[in-house]
Student: 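I'd like to ask you about the structure that follows.
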Amino acid sequence: MAGKALWSGRFDGGMDEGTLMFTTSLDVDSRMAFYDVMGSLAHVRMLKARGIIPAEDADLITDGLRKIAKTVEAGELELDYTLEDIHTNIETKLTNMIGPAGGKLHTGRSRNDQVATDFKMYIRDAALGAVEAIDRLIASLQDVAKANGETVLPGFTHLQHAQPVTLAQHMLAHAFRFGRDADRFMDALERMNKCPLGSAALAGTTYDIDRKMTSDLLGFKDPTENSMDTVGSRDFVTEFAFDASMAAISLSSLCEELVLWSSQVFGFVTMDDRYSTGSSIMPQKKNPDICELTRGKTGGIIGSLVTMLVTTKSLPLAYNRDLQEDKKPVMDSLQTLTDCANIMAKVVATMTVNKERMLASTNAGFINATDLADYLVTKNVPFREAHAIVGAAVKYCESNGLTLGDLPLEKYKEFSPLIEEDVYKTIEVMACVERRISYGGTSPASTDAQMLISLQDLFDRESAVRQKNMFFESCWKELLGE
Ligand code: ARG
């Protein structure tokens with residue numbers, strides 16, 4: 001039998017069992033139990049301060065809610081699956097505990113503003129968790145970069161050998177990309193930093209509530225401006241689904257490379273045993289499954305974004321029950337992203353870099369051809385002409401099984417009489433790397449400068465996250481009377 005519905009006054013009969021099962025959201029929104037209690041604690045404190053409900057009732061409600069908070073924190077909240085959602089569960093539990101005074105909690109609010117408030121608080125913490133995980137990965141990438149400022153490997157375009165780079169440059173490229181992913185979450189947190197509570201069902205309320213007070217108590221910057229917008233919009237959810245998707249795409253790129261790099265064809269890195277798996281049939285196998293799974297999970301994370309976009313498309317104002325479908329996709333995508341970034345931080349930190357294989361690989365693909373052209377430019381040959389000369393030299397080497405470093409000087413002279421003995425030093429890969437001193441380039445001097453920026457960015461963001469976490473923690477303590 002279904003428990004007593006919140007709206008039973010207007011109905012003659014109870015709900016069909018099937019209707020209850022179809023409409024319930026408890027499986028998913030029970031993850032917001034803690035935030036629901038915090039929202040109610042803030043609300044009741046405001047109702048008391050405004051004299052909207054008697055102080056004795058407010059105190060009873062507060063005591064009851066604080067007890068429920070303890071149960072939630074201990075993971076011992078018992079859920080009644082005949083009550084459709086977490087809001088109903090907690091309110092019913094409260095009333096069972098303290099009697100009719102519990103019925104006064106819902107004065108001047110609706111589940112519509114309640115659910116938006118709870119979900120914002122949930123996402124806020126989940127997003128900060130994702131940022132922390134991404135930052136762990138960035139720190140791992142920085143560590144590999146620090147240890148490999150002079151490790152040379154081929155840089156690729158079109159996955160073809162292009163120009164030599166250092167591993168530091170390559171790792172920092174990923175680090176900066178992940179830095180933007182993390183910053184995107186931080187920016188979105190600012191945009192959603194307004195409290196829905198008090199918007200009520202859609203039109204606000206007749207009670208003289210203090211929305212600034214509840215907003216402050218729950219750690220938001222301000223109350224939302226428009227009640228209809230507040231209960232009818234989920235762009236904040238979609239934005240986080242997008243941010244998670246972008247970060248997942250960055251992860252998938254890193255993973256794709258590590259899958260290639262750990263293959264026998266590349267042999268650039270060896271995965272640590274702790275982060276590899278074997279084969280049930282092929283005894284020799286050591287597979288980069290974590291990278292592959294992370295790459296694969298990108299699909300689900302992007303799927304969540306598409307779910308949000310399509311679910312909210314064409315919804316009229318204000319609240320529609322469709323909006324109940326917003327939680328699972330984004331809760332899951334933020335959790336998956338966090339798990340992926342956390343484990344990839346370990347994969348990167350523990351992999352072995354095979355420097356010799358990287359260096360040996362730069363021998364192929366005429367990776368120093370641009371440097372040979374630049375050499376001719378220093379002899380006053382226009383770059384276009386130099387490009388053609390080197391192109392002809394590469395073609396000759398290719399058909400004769402030579403590298404540019406093997407080509408005898410007398411042969412070079414046939415391509416251009418301006419080429420001298422110093423060409424060989426000039427086109428050595430390390431020399432090629434060291435000359436790329438432009439801002440953002442791959443020379444060790446340049447990557448050292450990048451490293452400082454990357455470290456500072458990480459430090460700043462880590463402090464911002466720590467500050468936010470401490471602030472929310474203090475909000476909860478205040479509400480719990482601790
Ligand atoms: N379970 C609902 C949700 O997640 C709560 C809001 C219900 N509001 C309503 N008008 N039925 O959206």
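Since this is a predicted model, take the numbers as computed values, not measurements. By convention here, the first residue in the shown sequence is residue 1. Whatever order the structure lists ligands and atoms in, that order sets their numbers, starting from 1.
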Student: Less than 6.0 angstrom from the centroid, inside 45 degrees of the normal: does Arg124 satisfy that with respect to the ring of Phe220?
Tutor: yes
Student: Scan Val165, Asn148, Thr166 and name whichever one has a side chain to side chain contact (heavy atoms under 4.5 Å, CB included) with Thr447.
Tutor: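 Single side chain to side chain contact (heavy atoms under 4.5 Å, CB included) partner of Thr447 among Val165, Asn148, Thr166: Thr166.
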Student: Quick check with a 6.0 Å cut-off and a 45 degree axis cone: is Lys346 positioned over the face of Tyr275's six-membered ring?
Tutor: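 Lys346 over Tyr275 ring: no.
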Student: Would a 4.5 Å heavy-atom cut-off, applied to side chains only, mark Ile209 and Arg50 as touching?
Tutor: no
Student: Looking at Glu482 and Lys70, does any basic side-chain N land under 4.0 Å from a carboxylate oxygen?
Tutor: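 Counted as a salt bridge, because a side-chain N and a carboxylate O are separated by less than 4.0 Å.
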Student: Using a strict threshold of under 4.0 Å (side-chain N to carboxylate O), is an ion pair present between Arg180 and Asp183?
Tutor: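 Not counted as a salt bridge, because no side-chain N and carboxylate O are separated by less than 4.0 Å.
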Student: Could you give the N/O to N/O pairs under 3.5 Å linking ligand 1 and the protein, each with its distance?
Tutor:
from, atom 1, to, atom 2, distance (Å)
ligand 1, 1 (N), Ser25, OG, 3.2
ligand 1, 1 (N), Asp85, OD2, 3.0
ligand 1, 1 (N), Gln324, OE1, 2.8
ligand 1, 4 (O), Lys327, NZ, 3.1
ligand 1, 8 (N), Asn112, OD1, 2.9
ligand 1, 10 (N), Asn112, OD1, 3.2
ligand 1, 12 (O), Tyr319, OH, 2.4

